Protein chains: 2
Amino acid sequence: MTNKITVTPSLQDYLETILNLSEYNKKVRITDIATELNVAKSSVHQAVTQLDKIGLVVHERYGPLELTEKGRREALKVRDKHEILVKFFTEVLGVDSEIAHNDACLIEHVISQETIDKLIEFFEKYVKKQSKGGNSI
Amino acid sequence: MTNKITVTPSLQDYLETILNLSEYNKKVRITDIATELNVAKSSVHQAVTQLDKIGLVVHERYGPLELTEKGRREALKVRDKHEILVKFFTEVLGVDSEIAHNDACLIEHVISQETIDKLIEFFEKYVKKQSKGGNSI
DNA sequence: AATAATTATTAGTCTTACCTAACATTTATT
DNA sequence: AATAAATGTTAGGTAAGACTAATAATTATT
């Protein structure tokens with residue numbers, strides 16, 4: 001196995017959401033995450049407690065929460081995967097953007113970094129070709 | 001949501017394995033599946049019982065088991081996804097084949113049929129271009 | 001045919017990740 | 001400052017999907 005999953009898909013979703021929310025809110029609250037992920041506040045609470053325990057988030061009782069540097073890095077990894085997947089699906093394959101988004105939300109948690117790196121490489125070459133030749137592939 | 005998952009990823013894995021095993025063995029036994037999936041026989045038993053209940057497999061106590069037509073169709077859907085994913089990863093992206101296989105094993109359960117269809121379309125065009133132009137993309 | 005070996009089943013347990021409902025704390029409103 | 005509203009926490013429960021260990025049934029071997 002090459003895909004050692006350190007943080008579960010579920011926790012990755014929480015991290016990613018916290019990252020996104022922190023980008024306009026600064027203060028991220030349990031309720032915001034619950035709303036965003038369509039999940040009970042108590043579920044968020046337990047997830048955040050776990051993330052705190054493994055040092056990916058800092059959270060004090062009744063207070064707001066923040067990603068640690070390590071948590072931020074982990075969140076970015078997931079979000080970057082999401083973004084290249086969506087770009088590839090929509091711009092290269094021509095998949096409808098809602099479907100692309102849904103698929104990316106699931107695939108981002110299981111695809112290896114190796115494959116993602118190759119996909120990025122490919123995508124960059126592809127875009128270059130497109131802008132030159134205007135070719136169909 | 002577009003990805004209505006009727007059969008869980010876990011059950012899809014069982015179906016796929018049963019399909020593969022039935023292709024040289026004809027008689028598929030619980031133990032074979034357990035060995036193949038690296039899982040306890042009791043886990044296979046409960047999964048098979050579920051698949052039987054929803055009409056994807058026929059299984060009688062202490063006997064061998066078989067896919068129903070419906071089960072076979074479901075299994076093929078998953079395996080076809082696996083195959084195009086591996087081909088794309090290895091032949092287009094140049095991913096190492098073990099990594100490609102591992103990634104495909106996880107992605108096959110969550111990627112939509114829409115995206116797979118577009119990927120197949122793309123792959124066919126790509127192969128055609130390659131054989132003509134011998135181009136790098 | 002009797003016994004050993006293999007295979008299948010059952011019962012009970014564990015973990016993950018969700019839930020609801022009750023309660024506690026903080027923040028906002030009058 | 002008192003009370004209402006919002007937010008956070010805790011306790012207890014559920015379902016999926018795995019596990020081990022014990023038992024039952026089948027198949028092979030002597």
Side-chain angles (χ1 to χ4, degrees), chain A residues 1 3-18 21-22 25-54 56-67 71 74-75 78 105-106 108-110, chain B residues 1 3-18 21-22 25-54 56-67 71 74-75 78 105-106 108-110:
Chain A
M1 252 307 201
N3 278 356
K4 48 175 173 182
I5 293 178
T6 31
V7 177
T8 64
S10 168
L11 290 183
Q12 285 176 8
D13 268 334
Y14 286 104
L15 287 175
E16 203 181 359
T17 301
I18 294 167
L21 287 174
S22 69
N25 260 8
K26 213 61 199 163
K27 299 273 170 218
V28 178
R29 282 162 312 141
I30 298 263
T31 300
D32 304 331
I33 303 171
T35 304
E36 191 68 18
L37 286 177
N38 250 292
V39 137
K41 284 178 296 169
S42 59
S43 305
V44 178
H45 179 80
Q46 74 84 21
V48 166
T49 301
Q50 268 186 276
L51 291 171
D52 187 308
K53 208 171 293 178
I54 58 182
L56 300 180
V57 136
V58 176
H59 179 225
E60 46 192 82
R61 270 172 133 267
Y62 293 100
L65 54 97
E66 257 186 313
L67 292 172
E74 189 65 33
V78 180
C105 276
L106 299 172
E108 67 191 21
H109 304 296
V110 299
Chain B
M1 254 304 202
N3 279 357
K4 48 176 171 183
I5 293 176
T6 30
V7 177
T8 64
S10 167
L11 290 182
Q12 285 175 9
D13 268 334
Y14 286 104
L15 287 175
E16 203 181 0
T17 302
I18 295 168
L21 287 173
S22 69
N25 261 7
K26 211 66 198 159
K27 300 274 170 217
V28 178
R29 283 162 313 143
I30 299 264
T31 300
D32 304 331
I33 304 171
T35 305
E36 190 67 19
L37 286 176
N38 250 293
V39 137
K41 284 179 294 169
S42 59
S43 305
V44 178
H45 178 80
Q46 76 83 21
V48 166
T49 301
Q50 269 186 275
L51 291 171
D52 188 307
K53 208 170 293 177
I54 58 179
L56 299 180
V57 136
V58 177
H59 180 226
E60 47 192 83
R61 272 173 132 267
Y62 292 99
L65 54 97
E66 255 186 314
L67 292 172
E74 189 65 31
V78 180
C105 275
L106 299 172
E108 67 191 19
H109 304 297
V110 299

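Per chain, numbering begins at 1; letters A, B, ... match sequence-line order. Bear in mind that the values here come from a model prediction, so they are computed numbers and not experimental data.
- The phosphate of dA21(C) has neither OP1 nor OP2 within less than 4.0 Å of any side-chain N or O from S42(A).
- Summary of the strand contacts: K41(B) and K41(A) both lie near DNA chain C, and taking for each the nucleotide with the nearest heavy atom, the more 5' one is attributed to K41(B).
- Closest to the A40(A) side chain, of the nucleotides dC19(C), dA8(C), dT20(D), is dC19(C).
- When the nucleotides dG17(D), dT9(C), dA17(C) are ranked by their closest atom to the side chain of Q46(A), dA17(C) comes out on top.
- In this structure, the side chains of V28(A) and E66(A) stay at 4.5 Å or more apart for every pair of heavy atoms.
- Closest-nucleotide positions on DNA chain C for Y62(B) and L11(A) were compared, and the one nearer the 5' end corresponds to Y62(B).
- Between R29(A) atom CZ and dT7(D) atom C1' the separation is 8 Å, expressed in whole Å.
- At dA16(D), none of the side-chain N or O atoms of Y14(B) fall inside 4.0 Å of OP1 or OP2 (strictly under the cut-off).
- Residue side chain S10(A) does not reach the base of dT16(C) through any donor-acceptor N/O pair under 3.5 Å, judged by distance alone.
- R61(A) places its CZ atom 7 Å from the P atom of dT9(D), with the value rounded to the nearest Å.
- Summarising the geometry, the separation between CD on E60(B) and C1' on dA25(D) is reported as 14 Å, rounded to the nearest angstrom.
- At the heavy-atom level, S43(A) lies under 4.0 Å from base atoms of the strands shown.
- Considering I18(A), L67(A), V7(A) in turn, V7(A) is the only one that fulfils the side-chain contact (heavy atoms from CB on, under 4.5 Å) rule with L56(A).
- At a cut-off of 3.5 angstrom, counting only N and O atoms as typed in the model, there is no donor on one side facing an acceptor on the other between the side-chain of T8(A) and the base of dT16(C).
- In this structure, H59(A) atom NE2 and dT26(C) atom P are separated by 12 Å, rounded to whole Å.
- As a whole-Å value, the separation of Q50(B) CD from dT9(C) C1' is 16 Å.
- Annotation for K41(B) and I30(B): closest pair O-CG2, 3.8 Å, computed over non-hydrogen atoms.
- At whole-Å resolution of the value, CG in D32(A) and C1' in dT7(D) are 10 Å apart.
- Phosphate proximity of dC18(C) to H45(A): absent, as no side-chain N or O sits under 4.0 Å from OP1 or OP2.
- Atoms CD1 (I30(A)) and P (dT27(C)) sit 14 Å apart, rounded to a whole Å.
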(request) Report the C-alpha distance between E108(B) and D13(B) in whole Å, list the side-chain angles of each, state the deciding distance to 0.1 Å, and finish with yes or no for side-chain contact (heavy atoms from CB on, under 4.5 Å). (result) CA-CA 10 Å; E108(B) 67 191 19; D13(B) 268 334; 3.8 Å; yes
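- Among the atoms of the strands shown, none is found under 4.0 Å from any heavy atom of V44(A).
- Per the geometry, CG belonging to D13(B) stands 11 Å off P belonging to dG17(D), to the nearest Å.
- Looking at D32(B), I33(B), V44(B) one by one, the single match for side-chain contact (heavy atoms from CB on, under 4.5 Å) with T17(B) turns out to be I33(B).
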